[in-house]
**Student:** 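Provided herewith is a single structure, encoded as structure tokens, for subsequent inquiry.
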Amino acid sequence: MDMQTVLGGINWLAVIGATLSTFALGAVWYGPVFGKAWMGASGMTEERARQGNTGMIFGVTFLIEFVAATVLAMFIGAEADAVFGLFAGLATGLFWVAGALDVVYLFEQRPLAHWAVNAGYMVVSFTIMGAILGAWH
């Protein structure tokens with residue numbers, strides 16, 4: 001199968017929806033749900049967070065999440081449904097992303113809580129993206 005066929009089978013509206021879902025989840029996950037735990041485990045402070053270039057951070061994050069959603073859509077395929085998309089997203093988040101983070105966090109000797117918050121976000125994020133991409137094929 002050639003790249004034009006693969007890209008032509010992608011529902012770009014679903015990719016944008018999946019991308020935006022990561023921002024909605026992140027606002028809740030790193031805000032009221034696990035914000036304090038993440039800040040404590042990562043060493044982030046309110047002051048340091050305010051010093052970041054918000055436009056650049058959110059812009060680059062959108063681009064990265066858009067590419068991730070596009071590749072996940074390619075992986076899931078045009079014939080998927082919501083259930084297959086959900087499980088493909090779950091497997092991607094749990095075994096590829098969280099697993100890769102685990103290796104890095106182990107070698108960097110970061111706290112388990114830091115890994116748990118970030119890996120948990122990735123697992124839920126990819127699961128939601130997969131469900132959206134599968135449902136909107």
Side-chain angles (χ1 to χ4, degrees):
M1 183 176 301
D2 63 35
M3 190 58 89
Q4 185 175 3
T5 303
V6 171
L7 292 175
I10 292 175
N11 179 336
W12 294 103
L13 213 59
V15 169
I16 292 170
T19 301
L20 294 175
S21 76
T22 67
F23 282 85
L25 176 64
V28 174
W29 194 272
Y30 290 102
V33 178
F34 295 112
K36 288 183 192 234
W38 172 76
M39 289 184 89
S42 69
M44 179 63 71
T45 64
E46 293 280 347
E47 181 182 338
R48 185 168 157 224
R50 283 191 296 273
Q51 292 172 353
N53 182 337
T54 306
M56 186 273 301
I57 291 169
F58 281 94
V60 172
T61 298
F62 183 87
L63 179 63
I64 292 167
E65 295 292 2
F66 180 82
V67 170
T70 300
V71 173
L72 186 59
M74 292 167 63
F75 173 70
I76 289 171
E79 301 301 317
D81 61 11
V83 173
F84 178 79
L86 182 136
F87 282 108
L90 174 65
T92 300
L94 187 61
F95 300 111
W96 288 341
V97 181
L101 286 175
D102 188 37
V103 171
V104 172
Y105 281 45
L106 283 169
F107 277 94
E108 292 181 355
Q109 300 176 21
R110 294 188 197 181
L112 177 61
H114 192 199
W115 172 83
V117 172
N118 288 331
Y121 166 77
M122 290 297 176
V123 170
V124 174
S125 179
F126 274 90
T127 302
I128 292 169
M129 282 198 300
I132 290 169
L133 295 167
W136 293 0
H137 63 279

**Student:** Identify the heavy atoms of Leu133 and Ala69 that sit nearest to each other, and give their distance.
**Tutor:**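 Smallest interatomic distance, heavy atoms only, reads CD1-O, 3.4 Å.
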**Student:** Report yes if the side chains of Val123 and Val97 come closer than 4.5 Å at any heavy-atom pair, otherwise no.
**Tutor:**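 Answer no - side chains too far apart.
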**Student:** List the residues meeting salt bridge (Lys or Arg N to Asp or Glu O under 4.0 Å) with Glu108, not counting sequence neighbours, and say none if there are none.
**Tutor:**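 Expected list: Arg110.
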**Student:** Going by side chain to side chain donor-acceptor pair (under 3.5 Å), name the residues that satisfy it together with Arg48, two or more places apart in sequence or in a different chain.
**Tutor:**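 Arg48 satisfies side chain to side chain donor-acceptor pair (under 3.5 Å) with no other residue.
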**Student:** Looking at every heavy atom in both Glu65 and Met129, which two are closest together, and how far apart are they?
**Tutor:**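 Taking every non-hydrogen atom into account, OE1-CE, 4.3 Å.
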**Student:** First locate atom CD1 of Ile128, then atom CG of Leu25, and finally report the distance between them rounded to the nearest 0.5 Å.
**Tutor:**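 Reported value, rounded in 0.5 Å steps: 5.0 Å.
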**Student:** Please enumerate all residues that pass side-chain contact (heavy atoms from CB on, under 4.5 Å) together with Gln109, with sequence neighbours excluded.
**Tutor:**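 For Gln109 there are no side-chain contact (heavy atoms from CB on, under 4.5 Å) partners, ignoring immediate neighbours.
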**Student:** Hey, quick one: are Trp96 and Phe87 part of the same hydrophobic cluster, counting side-chain heavy atoms closer than 4.5 Å, chains of contacts allowed?
**Tutor:**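 Unlinked, Trp96 and Phe87 end up in two clusters.
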**Student:** Please find the pair of heavy atoms, one from Pro111 and one from Tyr105, that lie closest to each other, and give the distance.
**Tutor:**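 Answer, listing the atom of Pro111 first, then Tyr105: O-CD2, 4.5 Å.
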**Student:** Given a cutoff of under 4.5 Å between side-chain heavy atoms of I, L, V, M, F, W and Y, with clusters grown through shared members, what are the other residues clustered with Phe107?
**Tutor:**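 Members alongside Phe107: Val103.
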**Student:** Is it true that Val71 and Leu90 fall in one hydrophobic cluster, defined by side-chain heavy atoms closer than 4.5 Å?
**Tutor:**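 No, Val71 and Leu90 fall in different hydrophobic clusters.
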**Student:** Indicate the atoms forming the closest heavy-atom contact of Trp136 with Leu13, along with that distance.
**Tutor:**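 Residues Trp136 and Leu13, closest heavy atoms: CZ3-O, 3.7 Å.
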**Student:** For residues 50-59, which side-chain donor-acceptor pairs fall under 3.5 Å, sequence neighbours excluded?
**Tutor:**
from: Asn53; atom 1: OD1; to: Gly55; atom 2: N; distance (Å): 3.4
from: Asn53; atom 1: OD1; to: Met56; atom 2: N; distance (Å): 3.1

**Student:** Please name all residues satisfying side-chain contact (heavy atoms from CB on, under 4.5 Å) with Ala116, sequence neighbours left out, ordered by chain then number.
**Tutor:**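 Listed in chain order: nothing, the list is empty.
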**Student:** What side-chain donor-acceptor pairs closer than 3.5 Å can you find for residues 75-86, not counting sequence neighbours?
**Tutor:**
from: Asp81; atom 1: OD1; to: Val83; atom 2: N; distance (Å): 3.3
from: Asp81; atom 1: OD1; to: Phe84; atom 2: N; distance (Å): 2.8

**Student:** Are the side chains of Trp115 and Leu106 in contact, using a 4.5 Å heavy-atom criterion?
**Tutor:**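 With C-beta onward as the side chain, the pair stays apart.
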**Student:** Taking CZ in Phe62 as the centre, count heavy atoms belonging to other residues, nucleotides or ligands within less than 6.0 Å. Is the count above 12?
**Tutor:**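 Buried by this count: over 12 neighbours within 6.0 Å.
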**Student:** Could you give all pairs that pass the side-chain hydrogen bond (donor to acceptor under 3.5 Å, both in side chains) test and reach residues 15-32, with sequence neighbours left out?
**Tutor:**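 For residues 15-32: Tyr30-Asn118.
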**Student:** Quick check: is Ile10 connected to Leu63 through a chain of hydrophobic side chains (ILVMFWY, heavy atoms under 4.5 Å apart)?
**Tutor:**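 Different hydrophobic clusters.
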**Student:** Listed by chain and number, what are the ring-ring contact (aromatic ring centres under 6.0 Å, His included) partners of Phe95, not counting sequence neighbours?
**Tutor:**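 In terms of ring-ring contact (aromatic ring centres under 6.0 Å, His included), with neighbours along the sequence ignored, Phe95 is linked to no residue.
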**Student:** Does one hydrophobic cluster hold both Met74 and Val15, with members joined at side-chain heavy-atom distances below 4.5 Å?
**Tutor:**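 Per the 4.5 Å side-chain linkage, Met74 and Val15 are co-clustered.
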**Student:** Could you state whether Trp12 and Ile64 fall into the same hydrophobic cluster, counting links through intermediate Ile, Leu, Val, Met, Phe, Trp or Tyr residues with side-chain heavy atoms under 4.5 angstrom apart?
**Tutor:**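 Hydrophobic grouping puts Trp12 apart from Ile64.
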**Student:** With sequence neighbours excluded, what pairs up with Ile16 under the side-chain contact (heavy atoms from CB on, under 4.5 Å) test?
**Tutor:**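 Listed in chain order: Leu20, Phe66.
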**Student:** Can you give me the closest heavy-atom contact between Val117 and Ala37, atom names plus distance?
**Tutor:**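 For Val117 versus Ala37, the nearest heavy atoms are CG2-CB, 4.3 Å.
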